[in-house]
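One structure is given here, and the rest of the page talks about it.
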Amino acid sequence: MRIETDIKLGFKDVMIRPKRSTLKSRAQVSVDRTFVFLHGGPSWTGVPIMAANMDTVGTFEMATALAQHGLFTAIHKHYSKDAWASFLAQAPETVAEFIAISTGTGQGDLDRLTQLLASFPQLRFICIDVANGYSEHFVEFVKRTREQFPDKVIIAGNVVTGEMVEELLLAGADIIKVGIGPGSVCTTRVKTGVGYPQLSAIIECADAAHGLGGQIIADGGCKIPGDIAKAFGGGADFVMLGGMLAGHDESGGELIEKDGKQVKLFYGMSSKTAMTKYAGGVADYRASEGKTVEIPYKGAVEETVKDMLGSLRSTCTYVGASRLKELTKRTTFIRVQEQHNEVFS
């Protein structure tokens, strides 16, 4: 046993210090990024905000809506091949650049992934997603996937430390998903005691990834638009959102009337709700590590996207970054004990 005594920070622990700017308007700020990937295929250009691969967020409907703004969606792994065929037949061609096929690491997962990519070769992004990216089995699956699909862009996670980022990049991944326990419907930290404050994880993992020519996704922990800016300021290349995109028309799930208000269910993919839906219940050897909540109905996701991007552009004007790429170079974090005045919360 050992104790690390240096401070680890979450989004709530800091604010971004303003700096002199020559920008006259938020309209001058570009929130697009262009990335060249370490292993897989040509470059990608878009807004590097992602919908999480949860069945109440990462839907085909969400992908269609977000792609119109250049945002990315990791499609959840529970769609059938026929559902994929129907979606791709109706979607604009450009949507394929803004979606990933999600997969676990079992043999059945690999078989499904192989079938989908054989049927739909225009899809170039694979998201290999497990709760614990530290297992040797996971690393081997990444290697095997890279060997089988040398021209695809591989997203792999989740991890929170630099050495594991490096191992996964060397194993064949292009983009590493960073975050253990920060999600709004994740209970891993409560159930296991394992985790890492998200901002410090981003800073450490971004440094490791960029040293090898890879990228990271800050996955989880964003409650408000300012947290998205802090993630990018900390060095994240992409930011993945779950709860902030839940509750919309495009989010999937049934719209429920409760106590005179409209709500939608939102739950973690390791929750009892999800495991009952897809695996017949929680296995005897494990515990649920997610919760189920009711999200107030938010309508179409369009207004939420506009609010997030407008807020991000505003952050950039406060620190003098004309492009999102410049934000991390213009970011100085200051430690705080209070974020905002909550008198009317």
Side-chain angles (χ1 to χ4, degrees), residues 7-21 23-29 31 47-52 57 71 160 178-179 181-187 189-190 195-203 206 217-236 238-248 251 261 263-264 266 291 293-299 301-322 324 326-345:
I7 294 170
K8 308 297 182 187
L9 301 169
F11 296 134
K12 67 179 177 58
D13 300 314
V14 301
M15 286 193 286
I16 297 172
R17 185 181 188 274
K19 292 182 178 177
R20 185 178 180 279
S21 172
L23 295 170
K24 296 179 181 179
S25 167
R26 295 169 179 83
Q28 294 177 266
V29 176
V31 291
V47 179
I49 295 175
M50 294 180 162
V57 180
L71 278 68
V160 288
V178 173
S184 58
V185 287
C186 179
T187 60
R189 294 177 180 179
V190 176
Y196 208 103
Q198 185 69 345
L199 181 59
S200 287
I202 291 166
I203 293 169
I217 300 168
D219 177 18
C222 290
K223 304 174 186 176
I224 52 177
D227 293 339
I228 299 173
K230 291 174 187 177
F232 283 126
F238 296 84
V239 176
M240 180 171 273
L241 304 175
M244 289 184 69
L245 292 175
H248 294 92
S251 303
K261 298 179 180 179
V263 300
K264 278 195 163 188
F266 175 52
K291 57 187 173 183
V293 299
E294 295 172 349
I295 298 284
Y297 172 59
K298 302 175 185 176
V301 76
E302 173 88 6
E303 291 304 313
T304 296
V305 170
K306 289 180 180 178
D307 183 66
M308 290 190 302
L309 298 185
S311 299
L312 185 57
R313 291 187 185 98
S314 188
T315 304
C316 290
T317 64
Y318 272 110
V319 298
S322 62
L324 181 57
E326 299 168 5
L327 179 55
T328 186
K329 297 175 184 176
R330 300 285 298 171
T331 293
T332 299
F333 288 119
I334 54 173
R335 290 185 62 202
V336 298
Q337 291 183 310
E338 182 182 59
Q339 281 289 322
H340 62 280
N341 190 333
E342 298 181 356
V343 66
F344 294 121
S345 292

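Numbering starts at 1 and runs along the sequence shown. This is a predicted model, so every value here is computed, not measured. Computation of the quantities below employed the complete heavy-atom set of this structure, encompassing side-chain atoms and omitting hydrogens, waters and symmetry-equivalent molecules.
Nearest heavy atom pair, residue Gln198 against residue Val178, reads NE2-O, 3.1 Å. Shown here for Gly10 and Pro197, the closest heavy-atom pair between the two residues is N-CB, 3.9 Å. In plain terms, the two heavy atoms of Gln339 and Val14 that are nearest each other are NE2-O, 2.7 Å. Ile202 and Ala236 get closest at one heavy-atom pair: CG2-N, 3.7 Å. Smallest separation of non-hydrogen atoms from Gly247 and Ile295: CA-CG2, 3.7 Å. Nearest heavy atoms, Cys186 versus Gly181: SG-CA, 3.7 Å.
At a threshold of 4.5 Å between non-hydrogen side-chain atoms, the residues Phe232 and Pro48 count as touching. No side-chain heavy atom of Val263 sits less than 4.5 Å from a side-chain heavy atom of Tyr297. Contact annotation: the side chain of Met244 approaches that of Pro225 to within less than 4.5 Å [non-hydrogen atoms, C-beta and beyond]. Counting heavy atoms from C-beta outward, Phe11 and Lys223 have side chains that stay 4.5 Å or more apart. The closest side-chain heavy-atom distance from Ser311 to Ile228 is not below 4.5 Å.
The structure places OH of Tyr318 at 13.0 Å from CG of Leu23, a figure rounded to the nearest 0.5 Å. Atom OG of residue Ser184 and atom NZ of residue Lys291 lie 7.5 Å apart, to the nearest 0.5 angstrom. Between Met308 atom CE and Lys306 atom NZ the span is 12.5 Å, to the nearest 0.5 Å. We find the CZ-OG1 distance between Arg26 and Thr315 to be 9.5 Å, quoted to the nearest 0.5 Å. The OH atom of Tyr196 sits 10.0 Å away from the CG atom of Leu9 when rounded to the nearest 0.5 Å. Distance check: Thr317 OG1 to Leu312 CG gives 10.0 Å after rounding to the nearest 0.5 Å.
For Glu303, there are no side-chain hydrogen bond (donor to acceptor under 3.5 Å, both in side chains) partners, not counting sequence neighbours.
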Which is it for Lys230 and Phe333 under the side chain to side chain contact (heavy atoms under 4.5 Å, CB included) test, yes or no, and what are the steps along the way? CA-CA 9 Å; Lys230 291 174 187 177; Phe333 288 119; 4.1 Å; yes
Hey, mind stepping through Val305 and Val47 against side chain to side chain contact (heavy atoms under 4.5 Å, CB included) and telling me if it holds? CA-CA 11 Å; Val305 170; Val47 179; over 6 Å; no
Please step through side chain to side chain contact (heavy atoms under 4.5 Å, CB included) for the pair Phe238 and Ile49, ending with a clear verdict. CA-CA 6 Å; Phe238 296 84; Ile49 295 175; over 6 Å; no
Verify side chain to side chain contact (heavy atoms under 4.5 Å, CB included) between Asp13 and Leu199, making sure each step is shown before the conclusion. CA-CA 9 Å; Asp13 300 314; Leu199 181 59; over 6 Å; no
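Residue Arg189 places its CZ atom among more than 12 non-hydrogen atoms of other residues, nucleotides or ligands, all under 6.0 Å distant. Atom NZ of Lys19 has more than 12 heavy atoms from other residues, nucleotides or ligands within 6.0 Å. Counting heavy-atom neighbours within 6.0 Å of Lys8 NZ, excluding the residue itself, gives a total above 12.
Lys264 places no side-chain N or O within donor-acceptor distance of the main-chain N or O of Ala246, the cut-off being under 3.5 Å. With hydrogens and angles ignored, the 3.5 Å screen pairs a side-chain donor or acceptor of Arg330 with a backbone N or O of Val319.
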